[in-house]
Amino acid sequence: MDLSHLNPEQREAVLCTEGPLLVLAGAGSGKTRVITHRIQHMLELGIPAESIVALSFTNKAANEMRERLMHMVGKEAERLVLSTFHSLGVRMMRSDPEGFGVPQRFSIFDQGDVYGVIRTCLREEGFHGNIGDRRFDVAAVAQRISLWKNEFLDEGEVKRRAKSPAAGEYDEVAAAIYQAYDDRLHQMGGVDFDDLVCRIASRLREDEALRARWTDRFRYLMVDEYQDTNTAQFEMLRQLLGPQQNLCVVGDDDQAIYGWRGAKVANILGFDLYFRDAKVVRLERNYRSRPPILRAANTVIRHNEARHEKQLLPTKEGGDTVRVVVCPEAEQETKWIGRKIRDLIFDDRVPATQIAVLYRSARQAKPIEEYLQADGIPYRVLGGQAAFDKKDVKDALAYLKLIVAPWDEMALRRAMDTPSRGIGRRSVEHLTAFARQHQVRLIDAVHRHGEIPELAKGPAAALANFSRQIRAASAKSRQQKSVIEPLRDFLSEVRLRDNILKETGNPEASKARWEGVEWLFRSVGRFEERARNQGKGSWSEYLGNLALDRDKQKEEGEDAAPIRIEGQVTLATMHSSKGLEWDKVFVIGAEEGTMPHKRVEAARASDAVSGDLEEERRLFYVGVTRARETLWITRAENRIHRLRNVEVKPSRFLEELGDTVEVYDVTKEERLTPDKMDAMADAFFAKYASPES
């Protein structure tokens, strides 16, 4: 095998096939190439494909690795064990159900099944699904059970933890049904996803003969994204290792960002301590980003104490300095980002696919979505649901269409169905038949429901009321030359908000869902304001932009040639951006309380504070290293919080970036001079450095 195209460190990792190996693969350092070439090299050495196990965290990653190896080694790749931890667990259980203590035909419970079992356990334990007037969030109970199972905690330890001062109400509830939940799974002959790892690890640890069979079968283990492994996954690996300890793990402790869901960064930080003879190879050459981006990334991550010493070394030259963009208000931040994206696409001809906006929390995407939608720029949302795709927003949007575009049949059908008003499937069939027979629209059939004798008395009365509501809202919108208040009144009359509360059974959850509808009101209001100010704008344009076609053309001015927008701008949480990269990246909301998250400050008296802060810094580092060519980091000086304009502190990570960045003041659209920066720094420390603040 020709390895001349690999750098020296990559070749070293590929050629090391025996014993424990830790490959510290920095962002953009070509780790996937190392893994695939290492497997190819092992096959060329005569190692049987069936004895090589390569584990990743998603089926997509495992399939992509298999496709690469198919091109490299042909059909031999089909005999390799390339899978996720859970898929390997299924394979082992199916192969030896008796050995792993499961029925011959065991069932794997998916998330919906698990939630159903938990609800049953809550009822049987006397909780009846409620505390006072509030229904339990079953997902929150399930998460706690999952975390405890992956730590191999028994019922006694779980109950002790649930009584600790730091425990909450949900810890107590989850602890109360912890054993009952596991017993119920056993009675039903099923396992959940956690069992696919935990049970494997436990049985191998308990049964020496069983362990010997599997360690003899799987001689060489490899793990990608090792920094994301939890306690149970580490134990499963440890039990599968034979005496030769042929374990190769590839990962980056600087990108360990999943501690909140049980991942243990200690697994990679302590690898060379647990495996004393481990060889450590550092992949530091970065093939992704320009030097200014890497300087910023290296500078900020050095502030973490719990990490393997390494740095990203550029292989590219040139590049723009990273810019920190300071905006007086949150709205200016949104407008600046929106205008910049528009300029990139229409002036600089940057494909939309090469632009990303990254943020700490999914809620930060809403104003950016609105700006892009209004400008006709297609986008996709990762790590969260697009605002216009949420059920409650779609429901409210259906009522908006009944006012401004009543011919939209899909909107009419949705509105008739939500909230339920006694207009069932048969009634809709009668309306549809009438519309076809008389060659009118479905909305006309609703208004002429009195001419349909097949309609029962109840549905006919409901349709009469519905028709009246539609006509009243439409008339009011024409009279007021605005749709905002008529839409609010319409939704209030049909009791949409009450319906959301009925669905959730939880005032807090329903309030959160209704915020999406309020956001739609603001979006509509801004559209109407722009239409008034600019003397143009139609509802067909507004509604059409909600379902942007990827091939839609957008003109910049009357004399400009139409420009085809290629693909979609990406809006993503920094968690969901991991593993991806773009030419142009905006990291937004770099403020205390957002990045790092407010929970870090809230827990400052806890022993876990340092770890929480370091994970937040790693998350920021992940965001920074997604950029290939240009990186902007934005922050606002003031944001609206509980209906008040509140001054916010800049993120401490911005200070840690030091002189690796340039600072821009949006109000002046010019780079801040060193004197201005010193003055801003003096003002900042004078305000926030005192003990009182």
Side-chain angles (χ1 to χ4, degrees), residues 55-59 61 84-89 108-111 114-115 118 137-155 157-162 164 166-168 170-171 173-175 177-179 181-182 185 191-202 205 223-240 249 251-271 274 306 383 573-576 578-579 597 599-600 603 606-619 622:
L55 299 174
S56 56
F57 279 84
T58 66
N59 289 319
T84 64
F85 280 90
H86 297 96
S87 296
L88 179 63
I108 301 173
F109 284 33
D110 62 18
Q111 187 181 71
V114 166
Y115 288 178
I118 288 175
D137 181 352
V138 176
V141 177
Q143 182 187 35
R144 285 162 172 77
I145 292 174
S146 174
L147 289 172
W148 292 336
K149 287 183 74 168
N150 280 284
E151 290 290 330
F152 299 106
L153 302 184
D154 60 24
E155 183 182 20
E157 177 60 27
V158 163
K159 289 187 174 180
R160 279 192 293 274
R161 291 194 181 191
S164 70
Y170 271 90
D171 296 303
V173 172
I177 68 166
Y178 184 63
Q179 189 60 50
Y181 167 78
D182 207 47
L185 289 184
V191 296
D192 60 19
F193 274 38
D194 297 317
D195 287 327
L196 299 176
V197 175
C198 298
R199 188 171 297 205
I200 296 292
S202 297
R205 185 171 52 198
V223 184
D224 189 16
E225 303 288 3
Y226 183 68
Q227 75 279 350
D228 296 335
T229 53
N230 61 24
T231 299
Q233 288 159 344
F234 173 75
E235 184 63 16
M236 179 178 176
L237 288 171
R238 196 173 73 87
Q239 295 301 328
L240 282 173
V249 300
D252 182 9
D253 49 287
D254 289 336
Q255 297 185 73
I257 59 175
Y258 294 116
W260 52 276
R261 68 183 189 193
K264 301 294 183 183
V265 67
N267 289 349
I268 191 168
L269 291 176
F271 185 86
Y274 189 88
T573 61
M574 283 185 279
H575 281 101
S576 60
K578 187 169 174 290
H597 195 275
R599 69 163 175 250
V600 172
S606 165
D607 292 338
V609 171
S610 175
D612 286 344
L613 178 59
E614 294 210 346
E615 179 158 320
E616 289 290 301
R617 188 178 286 110
R618 292 193 292 265
L619 185 59
V622 166

Quiz item: What distance do Gln179 atom CD and Ile145 atom CD1 have between them, rounded to the nearest 0.5 Å?
Solution: 10.5 Å
Exercise. Can you sort out the partners of Arg261 under side-chain hydrogen bond (donor to acceptor under 3.5 Å, both in side chains), two or more places apart, ordered by chain and number?
Key: none
Practice problem: With rounding to the nearest 0.5 Å, note down the distance linking CG in Leu619 to CE in Met574. | Solution: 4.5 Å
Quiz item: For Lys264, which residues count as a salt bridge (charged side-chain N to carboxylate O under 4.0 Å, His left out) partner, sequence neighbours excluded?
Solution: Glu151
Quiz item: Looking at residues at least two apart in the chain, or sitting in another chain, which of them share a salt bridge (charged side-chain N to carboxylate O under 4.0 Å, His left out) with Arg144?
Solution: Asp171
Quiz item: Among all residues two or more places apart in sequence or in another chain, which pass the side chain to side chain contact (heavy atoms under 4.5 Å, CB included) test with Asn230?
Solution: Asn150, Ala232, Gln233
Quiz prompt | From Asp224 atom CG to Leu55 atom CG, the distance as rounded to the nearest 0.5 Å | solution = 10.0 Å
Quiz item: Can you list the residues that meet the ring pair (Phe, Tyr, Trp, His ring centres under 6.0 Å) rule with Phe152, with sequence neighbours excluded?
Solution: none
Quiz item: Quick one: side chain to side chain contact (heavy atoms under 4.5 Å, CB included) partners of Ala263, sequence neighbours excluded?
Solution: Tyr258
Quiz prompt | All ring pair (Phe, Tyr, Trp, His ring centres under 6.0 Å) counterparts of His86, not counting sequence neighbours | solution = Phe193
Practice problem: With sequence neighbours excluded, tell me which residues meet salt bridge (charged side-chain N to carboxylate O under 4.0 Å, His left out) with Glu155. | Solution: Lys159
Exercise. Please report the closest heavy-atom contact between Trp148 and Ala175, naming both atoms and the distance.
Key: CZ3-N, 3.5 Å
Exercise. To the nearest 0.5 angstrom, please state how far the CD1 atom of Ile257 sits from the CG atom of Asp228.
Key: 7.0 Å
Exercise. Please identify each residue that fulfils salt bridge (charged side-chain N to carboxylate O under 4.0 Å, His left out) with Asp254, with sequence neighbours left out.
Key: Arg307, Lys310
Exercise. Name all residues meeting the side chain to side chain contact (heavy atoms under 4.5 Å, CB included) criterion together with Gln111; count only those two or more places apart in sequence or in a different chain, and write none if there are none.
Key: Tyr115
Practice problem: Name all residues meeting the ring pair (Phe, Tyr, Trp, His ring centres under 6.0 Å) criterion together with Tyr181; count only those two or more places apart in sequence or in a different chain, and write none if there are none. | Solution: none
Quiz prompt | Pair Asp195 + Lys149: basic N to acidic O under 4.0 Å | solution = yes
Self-check item: Any residue meeting side-chain hydrogen bond (donor to acceptor under 3.5 Å, both in side chains) with Gln255, in chain and number order, not counting sequence neighbours
Solution: Asp252, Arg626
Quiz item: Is a side-chain donor-acceptor pair under 3.5 Å present for His597 with Trp260?
Solution: no
